[in-house]
Every structure is written in C-alpha cells, then in structure tokens.
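Shown next, in structure tokens, is the structure this report addresses.
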Amino acid sequence: MGKDISNTTHTFLFCDGGSCQKAGSEKVIRAARAYLRNNNHWNTTHTIKTRCNGRCEDAPTCIVSSGEFWYKELTSDKIVPIVKSHIDNNLPVEADLLYQNKWDALKSNKEIAPFKPKPFELKNDKELGECYITKGFSSDQYLYPLFLFLLENPKGVTLKMYQQNAIPFTEITAVNYAKTYTLELETATDCISLTIAGVPKDNKELQQSKISSTEYFYQKNLKQTGIRFKNKFGEVLGIIKFDSIENLAWKYCTKIQLQNTSQDLTSL
Ligand code: FES
C-alpha cells in the first residue's frame with residue numbers, strides 16, 4: 001500500500017543528482033527523514049529524492065513546498081531546523097535560502113555564469129575551408145529539441161551521416177528518443193541512430209558514436225550554412241546542411257540553439 005499523501009502539509013524535494021550526492025545529500029536526507037519519523041510528522045509530510053535541480057554550484061539543494069523555498073549548501077545539522085521551522089511555524093530559515101518566491105534574485109555564494117555560445121569566428125577549416133564557425137550545445141537537452149524542430153520544419157534541410165548517403169530531412173518520418181543513449185530518426189525504409197545522451201566513460205563504442213561537439217558554420221563563398229557533429233576524438237559523425245541562410249530551421253538554430261549570441265551573418 002502506498003503512502004496516503006492526501007494529508008500532506010509539506011513536501012521536501014531533496015536533490016539526489018550527482019553534484020548533490022558528492023556534496024553529502026544522502027546525510028541530509030537521512031537526517032530529515034529521521035526527524036520526521038521521530039517527531040510523528042511522517043504521515044503528514046512527504047520527502048522525495050529528485051534528479052539535478054539545475055543549481056549544482058549550491059549543492060546539496062532542497063526545495064520545500066507548499067510555497068517555493070529553495071535551500072542551498074545543506075548539511076545534516078542545517079536541515080533539521082529548516083524542516084522544523086516549516087512544519088511548526090510555516091516559515092523558512094532565511095539564512096540558508098537560495099531563493100524564495102518573489103525575490104528579485106538568487107542568494108548564491110557560488111554563482112557560476114551560464115555558458116553561452118561564442119560569436120561566429122572566421123576560420124580555415126580542414127574540411128569546410130574558409131568559414132565562419134562556432135560551437136553550440138551537445139547535450140540531449142539541446143539535440144533532441146533540435147531534431148524535433150527539423151522534423152517539423154524539414155524544408156531545405158539535408159542530413160548526411162558518416163559513410164551514408166545524404167538524405168533530405170523530408171524523408172524523416174519520426175524522431176524517437178526512447179532508448180537510453182540513442183535518438184532514432186526513422187525513414188520509410190531505414191532507421192538512423194545518433195548517440196546523444198551522456199554515455200559511460202568505459203564504453204569505447206558509445207564514446208565513439210556520442211555527439212560531443214556541435215558546430216554551426218557558414219561558408220560565405222558557397223552561401224552554405226550547416227551543422228557538423230563530432231565525437232570527443234574529433235571524428236566527424238554527420239553534417240546537416242541548410243539550403244540558404246534564410247532557411248527557417250537555420251534561423252531557429254541561431255535563435256534557440258545559439259541563443260542569439262552570434263552576429264547576423266547576412267551582414268558579413
Ligand atoms: S545535482 Fe543537485 S542541483 Fe545539480
């Protein structure tokens with residue numbers, strides 16, 4: 001029988017992602033749960049372990065609901081007064097807060113500036129020749145949305161994977177991301193696999209197929225724009241080309257994937 005959560009007054013969402021684990025989250029969670037058990041709050045509260053909350057620099061973190069209270073740099077000593085304060089007085093412990101609803105800004109002691117793609121740079125590339133080039137993001141949180149967008153906006157887009165024939169993106173009928181590491185692009189007769197999730201360090205085969213570098217390029221002489229995917233060893237895994245600098249999918253790439261950080265290439 002699962003827990004009856006209809007009586008829950010407070011929910012504590014403890015981050016159990018990699019950075020928080022390294023910073024001692026398990027001790028924090030155990031201390032909070034022991035306090036709740038021993039003080040007869042077990043049946044009216046709920047604790048949940050979550051994956052990364054996106055604030056690794058403030059690890060270990062926890063979110064308290066109801067309300068929206070984010071805590072930072074927790075320890076087993078800090079968490080008990082926090083849990084107590086919410087349950088007994090419905091008040092946060094301000095000194096340990098990272099953020100609460102309606103604050104203008106976070107109160108982090110270790111703020112790390114978010115990574116932004118650099119502007120296009122003119123380079124002489126071994127395969128592409130003279131071209132403007134920049135690096136985008138290669139995590140599945142960017143690549144899966146990219147391929148979904150291309151599925152819906154395939155006009156003028158061509159895909160060429162290493163040692164395979166180029167195919168127009170209009171031939172892709174589905175983009176599936178149901179496997180652990182692999183995104184699948186389906187055509188009527190084929191299935192193209194791309195490794196886009198983080199892969200184990202000791203699996204050479206997966207390391208070799210994993211997209212670790214995503215470069216956006218513009219070959220001014222050819223008026224050609226595209227994306228080149230490489231693995232961590234610098235080997236090319238595939239290339240996407242767009243039929244013009246005005247192509248809708250290319251414009252999406254500069255706006256969403258490159259976050260508008262690059263200059264307008266049409267003016268170059
Ligand atoms: S692992 Fe906890 S915030 Fe990232």
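Atoms within each ligand, like the ligands themselves, are counted from 1 in listed order. Counting begins at 1 with the first residue of the sequence.
Classification of Glu121 and Lys135 as a salt-bridged pair fails, no side-chain N sitting under 4.0 Å from a carboxylate O. Of the charged side-chain nitrogens involved, none lies within less than 4.0 Å of a carboxylate oxygen, so that Lys210 and Glu205 do not count as a salt-bridged pair. Look at Glu215 and Lys230 and you find a salt bridge, because one of the NZ, NE, NH1 or NH2 atoms lies within 4.0 Å of a carboxylate O, short of that distance.
Within the protein, the N, O or S atoms lying under 2.8 Å from atom 2 (Fe) of ligand 1 are Cys15 SG, Cys20 SG.
Lys179 meets the salt bridge (charged side-chain N to carboxylate O under 4.0 Å, His left out) test with Glu184; sequence neighbours excluded. Remark: His86 pairs with Phe69, Tyr71 by the ring-ring contact (aromatic ring centres under 6.0 Å, His included) rule, at least two apart or across chains.
Listed by first and then second residue, the ring pair (Phe, Tyr, Trp, His ring centres under 6.0 Å) pairs involving residues 17-57 amount to none (not counting sequence neighbours).
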